[in-house]
Amino acid sequence: MREPVGSTTIFENTSNCARRRNEDTTDVFDLVVIGAGIAGLNALYAATDYLPRTAKVLLLDEKQDAGGMWNTTYDFVRLHQPHPMFTVGDMRWDWQKPKHYLARRDEVREHLARSLDRVAGRVHLKTSFGQVMTAREEIKTCEGYRARVVFHPVGDENAQQIVLAKRAIYAPGLNHRAADPLALSSRLVHSITPYDLIPTLERLPDAAVYVVGGGKTGMDTILATLDQDPARAVFLINGSGTNFLNRTKYLPTGIKRWISGAPMSQVFRDIARFYDGDNEEETIARIRTHHSTDVASENQAFLYGLQSEDELARVKAGLQGCMGGYLSDVIDTPDGPSLELRDGETAKVQAGSIFVNCTGSFFTAPHMAEAVPCVSDQQTLVTVNGRDGFHCLTSVAGFFVAHLAYGNALKGNGFYTLDHEALFRQNRNAWVGASATQAYMNQVLALQTLPLRLLDRCRLDLDRWYPLPRRLAGLIRILAGARADIAHCRNTLDRVAERFKVSCKPLS
C-alpha cells in the first residue's frame, strides 16, 4: 500500500503492539530484493533455498525488465566466458549451442528473464519494475528487527510506497555509467560511442575508424567493425595497453579440457600468492607473461577481460595502426584533422573519420557510489556493491553473500570486504592485486564454511568448465595450501588498507 508523501511512520517497540499493527498500512514481506541484474537474481535464487514456497518476496528494479546492464549495453557485446558460466545459480540455458559459445546481449537478457520466471516458482514472488528505491534502513519493530524500504515509480515521486521485510538484499552492483562521445574540437570527424557504432558504419561506409581504448569494449568494437567490413581502415589508440586472460589456454575446448590449461581458481591463486600489497606493477607483469594472450606486449593494465588467441590474431590482422598513449583531442588544421596525444605526439587523420569512445564505464562516474555496508548490524540489510564489496564479480557476490547471510555465516568467519571503487580510482593495478587476493581468499573460506553440495550449484564458477577429476585435483590443492594462503592474503589486504587508506577489512 502507499503512504502519502510527507507522512511519517515510526517503527519501534511499544506497549501496545496490537494497536500498532492495526495502524500500520505497510506491506510486509519475507524478503525484498532491490536490483534485478545478475547480482540481484543470484541473491534472490540463493535466498529461495531458505524460504518456504509460501514466502512473500518482492523484487524491485528501476528498469522495465530483469537483466540489469544487459538491457542497456551496446548491441554487439558478447560474454567474456562460455555462456554456461554466466547464469543464475545452477540454471542451464534453454538451447543447444556449443558450450564454448559466447552469448550476445539479447541472448543474455532473454536467459536472465527466463531464469527469473523459474525462480518465481520457488516462492510467492511479486515483481515491480520501473521503481526507484529512495531509502532503506534497519529498524526495530514489535516483531523484531526489520528492513524498511521506500520506493516510488520512475518519474512519480508522489506515489511513494513503504514496505517492511524480514530481510532486504540491495544489489546495485558496480558503479556503471555509459560513456559519452568524446568532446573533440574537430568539426571534420565524427565522435560516437559503441551504442551508435553499427548505424554509423552503415551510414559512412568509407570512413576510417579510430577505437579509443584497448579494453574489452575496444576489442568488441574492433571485431564488430571488421565483421561489418574487413577492408575498412581501423586504428587503435591503446592507452597504456590492456592485458587479457588467455581464454584459449584457460578455457580450452574438446579433449584439451582433460589434458591442458588450468582451472581459473589456480590463476587467481597465483596472483593472490604473488601480490603482497606493494608490488602491483610486478603483479601486472606476471599476469602478462604467465596468463595473458599477448605475452610479448608492453601492456600495463588488466581488467579481468578474457580473450582467445584467435580473437587477438583477428584484431592484429585487421588493424592498420596502433598507437600507445592517450588521446587528448582532434583538431582541424589547414592540412586537415590531426589527433593529439597527451604526450604531445600528433598524427594526421582522414576527414570524416569515426572516433569511438571505448574508454570504459565502470567506476568512471563523476561521483563514487554510496558507501553502503555489506551487512547491517542485525543482518536484516545485505548489500552487494562495489564500496563494501565481497567479490569483484557482483554475480558471484550475490550468490555467496545471500547463502552466507541466511546461514548466519557472513560475519565472524574471516571473509573480507573491500572498497573496490575507492581503490580502483586510486590505483587500478593495486586494485587488480587486491581484488584477486580478496576473491581467492573468500573462495577458500567459502569452501571451509559452506556445504560442498551448495558450492556445486554455483555455475558461475569457471572451474566447472573442466571435467570433475580435474576440478577435484584443483580442490585438493586449494585445501592443502589453505592455511598458508589465507594468512598471506590477510597480510596483503591489511597492507592495502594501510597503504591506500581504503576500507578493506574482515566482516565481524
Side-chain angles (χ1 to χ4, degrees), residues 69-78 104-105 175-242 299 301 303 305 314-316 318-367 424-425 428:
M69 62 170 286
W70 292 93
N71 286 299
T72 56
T73 190
Y74 50 95
D75 54 3
F76 54 88
V77 66
R78 303 187 75 167
R104 298 181 180 273
R105 179 196 68 182
N175 190 2
H176 174 269
R177 181 191 68 154
D180 296 320
L182 296 168
L184 304 178
S185 299
S186 174
R187 297 185 177 183
L188 300 177
V189 299
H190 305 274
S191 181
I192 67 170
T193 69
Y195 296 85
D196 300 316
L197 178 69
I198 302 304
T200 304
L201 294 178
E202 293 173 349
R203 182 168 56 87
L204 303 170
D206 299 320
V209 174
Y210 286 79
V211 176
V212 184
K216 170 72 164 54
T217 302
M219 297 300 103
D220 283 348
T221 299
I222 293 170
L223 293 174
T225 301
L226 296 173
D227 286 343
Q228 196 259 7
D229 180 7
R232 190 184 291 262
V234 182
F235 300 86
L236 173 64
I237 301 176
N238 199 29
S240 62
T242 301
N299 294 334
L303 296 172
R314 289 168 57 202
V315 167
K316 286 188 171 183
L319 287 176
Q320 293 197 11
C322 179
M323 291 165 274
Y326 295 89
L327 181 67
S328 176
D329 199 1
V330 180
I331 63 173
D332 292 330
T333 73
D335 297 325
S338 175
L339 67 81
E340 298 178 338
L341 301 182
R342 290 182 193 172
D343 62 6
E345 183 180 352
T346 63
K348 291 183 178 180
V349 175
Q350 175 186 339
S353 293
I354 303 165
F355 282 77
V356 191
N357 184 7
C358 301
T359 55
S361 55
F362 288 102
F363 303 146
T364 60
H367 304 288
F424 183 92
R425 289 176 183 258
R428 295 188 180 190

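Just so you know, residue 1 is the first one in the sequence shown, and it goes up from there. Everything numeric in this text was worked out from a predicted model, so none of it was measured.
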Set of side chain to side chain donor-acceptor pair (under 3.5 Å) partners for D75, sequence neighbours left out: none

Contacts of R232 that satisfy salt bridge (charged side-chain N to carboxylate O under 4.0 Å, His left out) - sequence neighbours left out: none

Partner set under side chain to side chain donor-acceptor pair (under 3.5 Å) for D220, not counting sequence neighbours: Y74, K216

For R78, side chain to side chain donor-acceptor pair (under 3.5 Å) partners two or more places apart: none

Residues L236, M219; criterion side-chain contact (heavy atoms from CB on, under 4.5 Å); working and verdict: CA-CA 9 Å; L236 173 64; M219 297 300 103; 4.1 Å; yes

Pairs where residues 327-351 contributes a residue and the test ring pair (Phe, Tyr, Trp, His ring centres under 6.0 Å) is met, not counting sequence neighbours: none

Rounded distance [0.5 Å steps], CD1 in I198 versus CD in Q228: 6.5 Å

Contacts of K316 that satisfy salt bridge (charged side-chain N to carboxylate O under 4.0 Å, His left out) - sequence neighbours left out: D294

Partners meeting side chain to side chain contact (heavy atoms under 4.5 Å, CB included) with M69 (sequence neighbours left out): T73, H176, F362

Non-neighbouring partners of R428 that pass side chain to side chain donor-acceptor pair (under 3.5 Å), sequence neighbours left out: none

Ring pair (Phe, Tyr, Trp, His ring centres under 6.0 Å) contacts in which one or both residues fall within residues 206-229, not counting sequence neighbours: Y210-F235, Y210-F355

Pairs involving residues 327-346, ordered by first then second residue, that meet ring pair (Phe, Tyr, Trp, His ring centres under 6.0 Å) (sequence neighbours left out): none

Main-chain N/O of A301 paired to N299 side chain as donor or acceptor, under 3.5 Å: no

Atom pair CG/CD1 of L201 and I192 - distance to nearest 0.5 Å: 6.5 Å

Residue pairs fulfilling side chain to side chain donor-acceptor pair (under 3.5 Å) with at least one residue in residues 183-205, sequence neighbours excluded: S185-D329, S186-D332

Show every donor-acceptor pair shorter than 3.5 Å between a side-chain atom in residues 334-345 and any protein atom, with sequence neighbours excluded, or say none if there are none.
from, atom 1, to, atom 2, distance (Å)
S338, OG, A347, O, 3.4
D343, OD1, E345, N, 3.0

